[in-house]
Amino acid sequence: MSLPEDPQAAIARRFIAAIPHSRELGMELEEIGGGVAVISMPYDPRFVGDARTGVIHGGAVSALMDTCSGAAVISHDATPEATATLDLRIDYMRPATPGQRITARATCYHVTRTVAFVRAEAFDDDGDRPVASATGAFTGGSGKETRTSTEALS
Amino acid sequence: MKRPEPVQVIKERRDMGLAKLVGQVPYIGWLGIGFERKGDEVTATLSFAEKVIGNPTLPAIHGGVTAAFLEATATIELAWSMLWDEIESGRIDAAQLTPETMPRLPKTIDITVDYLRPGLPRDAYARARVVRSGRRYASVQVEAWQDNRDRLFAAATGHFLMPEPEG
């Protein structure tokens, strides 16, 4: 029998499985816990951004980065069970190679009373050269007064 | 004096150019984004559907979908502004455009998205503005709203690498 899953990781895993858009993109949770998440996405011709090159659209990579970053936040010990993106900056370093899976790794590296900060990178089969990197700020910090829903900004 | 072109001919030429441009991006169709044109101004619509949901309990549009919607709108606006000049000057005949002869799309260098409000379960709209378009780089701002044009739910600034001249 396998060891019981860390409760925070279990919450994060259920959270990802319940996101319709992540399911549509075929995202799979590879690793989760302690403020770190790894999520991958298959190559799919429907997600191509330029028919002439067959390269995946930046938007699909953004969706992967955003999901992975959010998962990293909720897997952090000090954060509530839900979060929303405040801002996300994505740098595209090179086109992802057509046909290859894209894997994102996000780390929630700092949590204040109200905000969680995240860094993420995405790779195709070449694990040495990132396809894209991202930095973001998310709602929900360690404080008791922290609002826990994505309605925090409304 | 040269007679002005019939209005229908002008409209068909421009709509055809825009449709062929958007047709270059399979992901835009898959996500359910459509583009409407008034003169050279383009407005994007993201149709609400189950697959764009990020938070099923609210429900709310996925932050990644919002980012994708803004990036797609910015890219199309930038490419369209270049294609518009080519078509209107007569250097490119929209009717003859094929995926092979379509000018190359600009590539995203970076994009920063501000999430201002949750994306509600209904259609969303976006318009982009090319702030600066040089020979190599372009800077584009884009805004998205739902019910009220003045109540933005997201905005973004992106930098793009212009396609190299072909030949």
Side-chain angles (χ1 to χ4, degrees), chain A residues 15-25 27 39 41 44-70 82-95 104 132-139 149-154, chain B residues 23-31 33 49-75 79 99-120 153-161 163:
Chain A
F15 184 82
I16 309 306
I19 301 173
H21 186 65
S22 305
R23 275 203 309 270
E24 287 289 332
L25 286 171
M27 288 186 200
I39 300 179
M41 184 177 82
D44 190 313
R46 294 175 300 168
F47 310 152
V48 163
D50 188 342
R52 254 164 78 164
T53 60
V55 173
I56 291 288
H57 193 275
V61 179
S62 300
L64 177 66
M65 295 288 233
D66 184 63
T67 305
C68 194
S69 300
T83 186
T85 320
L86 280 169
D87 80 72
L88 190 68
R89 174 189 163 120
I90 303 187
D91 295 333
Y92 297 99
M93 270 90 86
R94 66 179 176 91
S133 75
T135 52
F138 287 73
T139 63
S149 86
T150 46
E151 287 172 310
L153 293 175
S154 61
Chain B
Q24 277 295 100
V25 190
Y27 183 69
I28 286 178
W30 178 79
L31 206 53
I33 302 172
E50 162 81 14
K51 70 176 170 193
V52 305
I53 296 173
N55 182 329
T57 41
L58 290 176
I61 295 175
H62 194 287
V65 173
T66 302
F69 180 45
L70 292 169
E71 185 181 337
T73 305
T75 312
E100 288 72 37
T101 59
M102 175 69 70
R104 294 244 173 207
L105 293 167
K107 289 194 180 102
T108 315
I109 299 167
D110 62 62
I111 183 156
T112 306
V113 182
D114 279 345
Y115 294 89
L116 306 169
R117 289 187 177 84
L120 302 170
F153 81 100
T157 299
H159 297 94
F160 296 86
L161 192 61

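In the text below, chain A, chain B and the rest are named by the order of the sequence lines, each starting its count at 1. Source: prediction; values computed, not measured.
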What are the two closest non-hydrogen atoms of [X] and [Y], and how far apart are they?
{"X": "P26(B)", "Y": "V48(A)", "answer": "CD-O, 3.2 Å"}
{"X": "P56(B)", "Y": "A18(A)", "answer": "CG-O, 3.0 Å"}
{"X": "S62(A)", "Y": "E71(B)", "answer": "OG-OE1, 3.8 Å"}

Which atoms of V52(B) approach chain A - backbone, side chain, both or neither, heavy atom under 4.5 Å: backbone
Part of I61(B) within contact of chain A (heavy atom distance under 4.5 Å): neither
Region of P45(A) that comes under 4.5 Å of a non-hydrogen atom in chain B: backbone
Under 4.5 Å from any heavy atom of chain B - which part of T53(A): side chain
Nearest 0.5 Å please: distance from the [atom1] atom of [X] over to the [atom2] atom of [Y].
{"X": "I19(A)", "Y": "N55(B)", "atom1": "CD1", "atom2": "CG", "result": "8.0 Å"}
{"X": "H57(A)", "Y": "I28(B)", "atom1": "NE2", "atom2": "CD1", "result": "5.0 Å"}
{"X": "Y92(A)", "Y": "I109(B)", "atom1": "OH", "atom2": "CD1", "result": "12.0 Å"}
{"X": "T108(B)", "Y": "D91(A)", "atom1": "OG1", "atom2": "CG", "result": "11.0 Å"}

T67(A) side chain reached by H62(B) side chain, heavy atoms, under 4.5 Å: yes
Test item: H21(A) side-chain N/O and I53(B) main-chain N/O as donor-acceptor pair under 3.5 Å: no
Polar side-chain atom of R52(A) near backbone of E100(B) as donor-acceptor pair, under 3.5 Å: yes
Worked check of side chain to side chain contact (heavy atoms under 4.5 Å, CB included) between D66(A) and Y115(B): CA-CA 12 Å; D66(A) 184 63; Y115(B) 294 89; 4.3 Å; yes
Exceeds 12 heavy-atom contacts within 6.0 angstrom, atom NZ of K107(B): no
Check against side chain to side chain contact (heavy atoms under 4.5 Å, CB included), W30(B) and L25(A): CA-CA 11 Å; W30(B) 178 79; L25(A) 286 171; 3.8 Å; yes
